[in-house]
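Read the structure below first, then the notes.
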Amino acid sequence: MFNSLTGIITGKFPKQLFLDTNGVEWDLCVPDSNLEMIGLVGSEARVYTWLQHTDQLMTLYGFASADERSIFLDLLKVDGVGPKGAVKIMSSVSSSRLMEVLENGDLEMLEKIPGVGKKTAGKMMLTLKGKLKLSESTERVVRLDSASPYADVVTSLASMGYDKRTVEQKIAQLLEQLNADATFTSKNQKEREDILFRRAIVELA
């Protein structure tokens, strides 16, 4: 019914996006990884959509690209993974990282992704290995905006003389890896920032 919506971003929250299209404000459920790719509040964005309509609810899901939406729909093919579960998985790991883990047959790493677990990991490996694809045109490097919980890390590194855009890209790449590690995600915000800062210093050097 809906392929995409184009409008002005009026709000961004964890797993939620508000988009105004000519006076109609849409409330979309969006994976956190895609929120970082879509843009800043106040900017225009095109969001690819998927509508869940049942007797009990109607939920509109949004994605940064048609490829990201395809990954979401592929996750729904896994027995036991529903729309909310697919969003949780995509919020914890980027699509490119998920593909890498599946292609490598890394069941142990797959089990560490929040929202997966041992039983679901096995089903995902069986159903999706070798079947997920992203087009070459899909933007896989994201930048952190000022609303990111790690914006202070970017600011600190930029103040040390590193190029801000390079820092944003490096932090985004590191988060793709670290967010799939339960040891990292279980720590508090300050501890995560410290780990991220130290890792970024090493790689930027």
Side-chain angles (χ1 to χ4, degrees), residues 2-51 59-72 83-84 86-98 114 134-180 184-185 189-190 192-193 195-197 199-200 203-204:
F2 299 102
N3 179 56
S4 68
L5 294 171
T6 299
I8 302 299
I9 299 172
T10 53
K12 290 177 69 176
F13 310 93
K15 299 181 182 62
Q16 186 179 38
L17 178 79
F18 292 161
L19 188 74
D20 184 283
T21 58
N22 298 317
V24 177
E25 188 175 48
W26 300 84
D27 181 353
L28 300 100
C29 180
V30 179
D32 291 337
S33 59
N34 279 233
L35 281 174
E36 295 174 344
M37 300 165 65
I38 287 173
L40 302 174
V41 172
S43 65
E44 184 177 69
R46 181 181 185 184
V47 181
Y48 291 80
T49 59
W50 182 79
L51 177 67
T59 305
L60 191 61
Y61 292 83
F63 307 91
S65 69
D67 276 344
E68 292 290 327
R69 180 176 59 188
S70 293
I71 296 293
F72 169 82
K84 294 293 185 182
V87 167
K88 185 174 182 180
I89 292 169
M90 293 181 70
S91 293
S92 304
V93 62
S94 70
S95 296
S96 56
R97 176 59 176 161
L98 179 61
L134 290 173
S135 68
E136 293 182 1
S137 62
T138 296
E139 183 179 1
R140 301 181 191 178
V141 177
V142 300
R143 290 180 294 160
L144 303 184
D145 61 41
S146 58
S148 166
Y150 300 103
D152 287 345
V153 178
V154 172
T155 300
S156 296
L157 290 166
S159 69
M160 295 172 64
Y162 295 105
D163 176 72
K164 185 176 181 181
R165 182 181 178 85
T166 300
V167 170
E168 289 174 334
Q169 293 176 345
K170 178 55 63 179
I171 293 296
Q173 290 169 354
L174 288 172
L175 284 173
E176 287 183 3
Q177 304 168 22
L178 292 170
N179 282 334
F184 176 78
T185 57
Q189 178 66 21
K190 181 62 168 61
R192 292 198 299 268
E193 289 180 355
I195 292 171
L196 191 59
F197 182 83
R199 285 282 298 272
E203 298 210 11
L204 289 168

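Please read these numbers as outputs of a predicted model, since none were measured by experiment. The analysis underlying the following values was restricted to heavy atoms, covering all of them including side chains, and did not include hydrogens, waters or symmetry mates.
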To the nearest 0.5 angstrom, please state how far the [atom1] atom of [X] sits from the [atom2] atom of [Y].
X: Met37; Y: Glu68; atom1: CE; atom2: CD; value: 4.5 Å
X: Leu60; Y: Asp27; atom1: CG; atom2: CG; value: 8.5 Å
X: Leu178; Y: Ser92; atom1: CG; atom2: OG; value: 13.0 Å
X: Leu175; Y: Thr185; atom1: CG; atom2: OG1; value: 11.5 Å
X: Ile89; Y: Ile71; atom1: CD1; atom2: CD1; value: 11.5 Å
X: Met90; Y: Tyr61; atom1: CE; atom2: OH; value: 12.0 Å

Side-chain heavy-atom pair [X], [Y] within 4.5 angstrom cut-off:
X: Ile9; Y: Leu17; result: yes
X: Ile171; Y: Val167; result: yes
X: Arg192; Y: Tyr150; result: yes

Quick one: list whatever passes side-chain hydrogen bond (donor to acceptor under 3.5 Å, both in side chains) with [X], sequence neighbours left out.
X: Asp20; value: none
X: Thr10; value: Glu25
X: Trp26; value: Thr21
X: Tyr48; value: Arg46

So which heavy atom on [X] is nearest to which on [Y], and how close?
X: Ala45; Y: Ile38; answer: CB-CG2, 3.6 Å
X: Ser4; Y: Thr49; answer: N-OG1, 3.8 Å
X: Phe197; Y: Leu157; answer: CE1-CD2, 3.6 Å
X: Gly39; Y: Ser43; answer: C-OG, 4.0 Å

Donor-acceptor pair between Asn3 and Arg69 side chains, under 3.5 angstrom: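 Side chains of Asn3 and Arg69: pair found under 3.5 Å.
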Ring pair (Phe, Tyr, Trp, His ring centres under 6.0 Å) against Phe63, all qualifying residues, sequence neighbours excluded: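 Applying ring pair (Phe, Tyr, Trp, His ring centres under 6.0 Å) to Phe63 gives Phe72.
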Could you walk me through whether Ser95 and Asp67 pass the side chain to side chain contact (heavy atoms under 4.5 Å, CB included) check? CA-CA 9 Å; Ser95 296; Asp67 276 344; over 6 Å; no
Under the salt bridge (Lys or Arg N to Asp or Glu O under 4.0 Å) test, residues paired with Lys170 that sit two or more places apart: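 Partners of Lys170 under the salt bridge (Lys or Arg N to Asp or Glu O under 4.0 Å) test: Glu203.
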Which one of Lys88, Lys15, Lys12 satisfies the salt bridge (Lys or Arg N to Asp or Glu O under 4.0 Å) criterion with Asp32?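 Going through the options one by one, the only one that passes is Lys15.
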